[in-house]
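Keep in mind it's a predicted model, so treat the numbers as computed, not measured. The chains referred to below are lettered A, B, ... by the order of the sequence lines, with proteins before strands, and numbering in each begins at 1. Values below: all heavy atoms of this structure, side chains included; hydrogens, waters and symmetry mates excluded.
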There are 2 protein chains.
Amino acid sequence: MARRSKTAPAVRKPAAARPAEVQASALRRTRREHATETAKDYVEAIADITALHGEARAVELARRLGVTHVTVVRTVARLQRDGYVSAKPYRSIFLTEKGSRLAEESRQRHEVVVAFLRSLGVPEEIAQTDAEGIEHHVSPETLAAFKRCAASRR
Amino acid sequence: MARRSKTAPAVRKPAAARPAEVQASALRRTRREHATETAKDYVEAIADITALHGEARAVELARRLGVTHVTVVRTVARLQRDGYVSAKPYRSIFLTEKGSRLAEESRQRHEVVVAFLRSLGVPEEIAQTDAEGIEHHVSPETLAAFKRCAASRR
DNA sequence: TTAGAAATGTAGCCATAGCTACATGTTATG
DNA sequence: CATAACATGTAGCTATGGCTACATTTCTAA
C-alpha cells in the first residue's frame with residue numbers, strides 16, 4: 001500500500017484549510033479546558049446553593065449536577081485537594097477564596113453567553129442548556145464579541 | 001449544624017433561576033455530548049486526511065489530533081467497534097457509511113460555527129480554535145440562529 | 001432518649017482517554 | 001535483498017468521572 005504519496009498528491013482539495021499543527025493545538029486546548037469544566041460546574045453550583053440555602057450539602061449538589069452523591073464526594077475531595085473548597089466529613093462544603101473567584105468568573109461568563117444566545121432569539125431554556133456546554137470553550141476575544149453583539153441588538 | 005432549613009429559607013436570592021432539575025439535565029446532556037466529541041473529531045480528521053492524501057494513516061491522525069499514535073490506535077479500535085470506521089492491522093483507516101455521514105455533519109456544523117464567529121469579528125485563527133470546543137454543544141435551534149445571524153451580517 | 005430516616009463515607013466496579021516503553025510489521029533504498 | 005527507518009501494535013501505568021452496594025454518622029421526631 002502506498003505510503004503518504006509524496007510524489008502523487010492524490011486528490012488535492014482546494015482549501016488546505018487548517019494545517020495539522022494548528023488543529024492539533026486547538027484540540028489540545030479543548031481537552032485542557034475540559035479538565036477544568038468540572039471544577040467550574042461544581043464551584044458555580046456550590047455558590048448558587050449557598051446563596052439559596054445558606055450552605056451547600058453534597059446531596060443538593062448531586063441533585064443539581066445530575067450525578068450520585070458518591071461522584072460528588074469524590075469530586076469535592078479533588079476540589080479540596082486543588083484548593084477550591086474546604087470541607088470536613090459530614091459537614092457542609094465551603095468555597096475558598098480561589099473557589100469563590102472561579103465561581104464568580106464562571107457565573108459572569110455564563111450570564112454573557114446566555115444573554116447573547118437570548119439576543120439571537122434562542123428560547124430561554126435552550127439558551128441555558130446550550131450555555132452549559134458552550135461557556136467553557138469561549139476565548140476572551142469571542143466572549144467580547146458576544147457582549148458587543150448582544151448589546152448592539154438590544 | 002442546621003439541615004436544609006425548611007423552616008427558615010435563609011438568604012433567598014431574587015432569581016431562583018434554573019431549578020436544580022433543569023440544570024441537572026443540561027449538565028447530563030453536556031456530558032453525553034462529550035462522549036461523542038471524540039468520535040466526531042476523529043471522523044472529521046479522517047475525512048480531511050483522506051481528501052488530502054488519498055488515505056488516512058494513524059501517524060497523520062495522531063499529528064492532527066495532537067495525541068500519540070497509541071491513543072489513536074485505541075480510539076480507532078473503539079470507533080470500529082461502534083461502526084464508524086473499518087481498519088485492518090497495519091493498514092489505512094476508512095470511514096464507513098455511518099462514519100462518513102457523521103463526518104459530513106460535523107464538517108458542516110464546524111463551518112457554520114466558524115462562519116458565524118468570523119461574522120462577529122472574531123479573528124480567523126481564534127474562530128477556528130473556539131469552534132473546535134463550541135461546535136459540539138450547539139443545539140439545532142442555536143445553530144439555526146447562528147446561520148440567520150451570520151447571513152444578516154453579511 | 002432512642003429508633004429510623006437522611007446524609008455522608010468507603011470499597012470496588014466500569015469506560016474513556018491520556019502516556020511511556022517496548023515489540024513487531026512494512027516499506028524504501030542502498 | 002537485506003537492513004534501517006518508519007508505522008503500527010501491545011503492555012501496562014495514570015487520572016477523571018460515572019456507577020452500585022454497603023457502612024457509618026448525623027439529625028429528627030416519636
Using only side-chain N and O atoms of B:Arg28, determine if any of them is under 4.0 Å from OP1 or OP2 of D:dG17.
no
Check the distance between C:dA6's P and A:Glu55's CD and give it to me in whole angstrom.
17 Å
Considering only C:dC19, D:dA7, D:dG18, which nucleotide approaches the side chain of B:Val67 most closely?
C:dC19
Take atom NZ in B:Lys147; do more than 12 heavy atoms of anything else shown fall under 6.0 Å from it?
no
Can you tell me if the side-chain N/O atoms of A:Arg91 get under 4.0 Å from OP1 or OP2 in D:dC27?
yes
Do you know which two heavy atoms are closest between B:Val76 and B:Ala87, and how far apart they sit?
CG1-CB, 4.3 Å
Pair A:Glu37-A:His137, side-chain donor/acceptor within less than 3.5 Å
yes
Taking the six-membered ring where the residue is Trp, are the ring centres of B:His136 and B:His34 under 6.0 Å apart?
no
Nearest to the side chain of A:Arg31, which nucleotide is it out of C:dC19, C:dG18, C:dT26?
C:dG18
Check the distance between D:dG18's C1' and A:Leu65's CG and give it to me in whole angstrom.
13 Å
May I have the step-by-step check of side-chain hydrogen bond (donor to acceptor under 3.5 Å, both in side chains) for B:Glu132 and B:Gln128, ending in yes or no?
CA-CA 7 Å; B:Glu132 294 290 358; B:Gln128 289 287 352; over 6 Å; no
More 5' along DNA chain D: A:His34 or B:Lys88, using each one's nearest nucleotide?
B:Lys88
I want to confirm an ordering. Mapping B:Gly66 and B:Pro89 to their closest nucleotides on DNA chain C, which one lands closer to the 5' end?
B:Gly66
When rounded to whole Å, the CZ to P distance for the pair B:Arg32 and D:dG17 reads 18 Å
Testing D:dC19, C:dG25, C:dT8 for proximity to the side chain of A:Thr68, the answer is D:dC19
Output the rounded distance in Å from CG (A:Leu61) to C1' (D:dG17).
15 Å
Atom CD of A:Glu125 with >12 non-hydrogen neighbours under 6.0 angstrom:
no
Integer-rounded Å distance: D:dT16 C1' and A:Gln80 CD
18 Å
Write down the distance between CZ (A:Arg57) and C1' (C:dA6), rounded to a whole number of angstrom.
10 Å
If you assign B:Ala58 and A:Glu37 each to the DNA chain D nucleotide with the nearest heavy atom, which residue ends up on the more 5' nucleotide?
B:Ala58
What's touching nucleotides 10-16 of chain C from the protein side, N or O pairs under 3.5 Å?
unit_1, atom_1, unit_2, atom_2, d
C:dT16, OP1, B:Arg81, NH2, 3.0

Under 4.5 Å side-chain heavy-atom separation, chaining through any Ile, Leu, Val, Met, Phe, Trp or Tyr, what else clusters with A:Leu117? Say none if it is isolated.
A:Val112, A:Val113, A:Phe116, A:Leu120, A:Val122, A:Ile126, A:Ile134, A:Val138, A:Leu143, A:Phe146, B:Val112, B:Val113, B:Phe116, B:Leu117, B:Leu120, B:Val122, B:Ile126, B:Ile134, B:Val138, B:Leu143, B:Phe146
Specify the separation, in whole Å, of atom OH of A:Tyr42 and atom P of D:dT16.
13 Å
Rounded to the Å, how far apart are B:Tyr90 OH and C:dT27 C1'?
13 Å
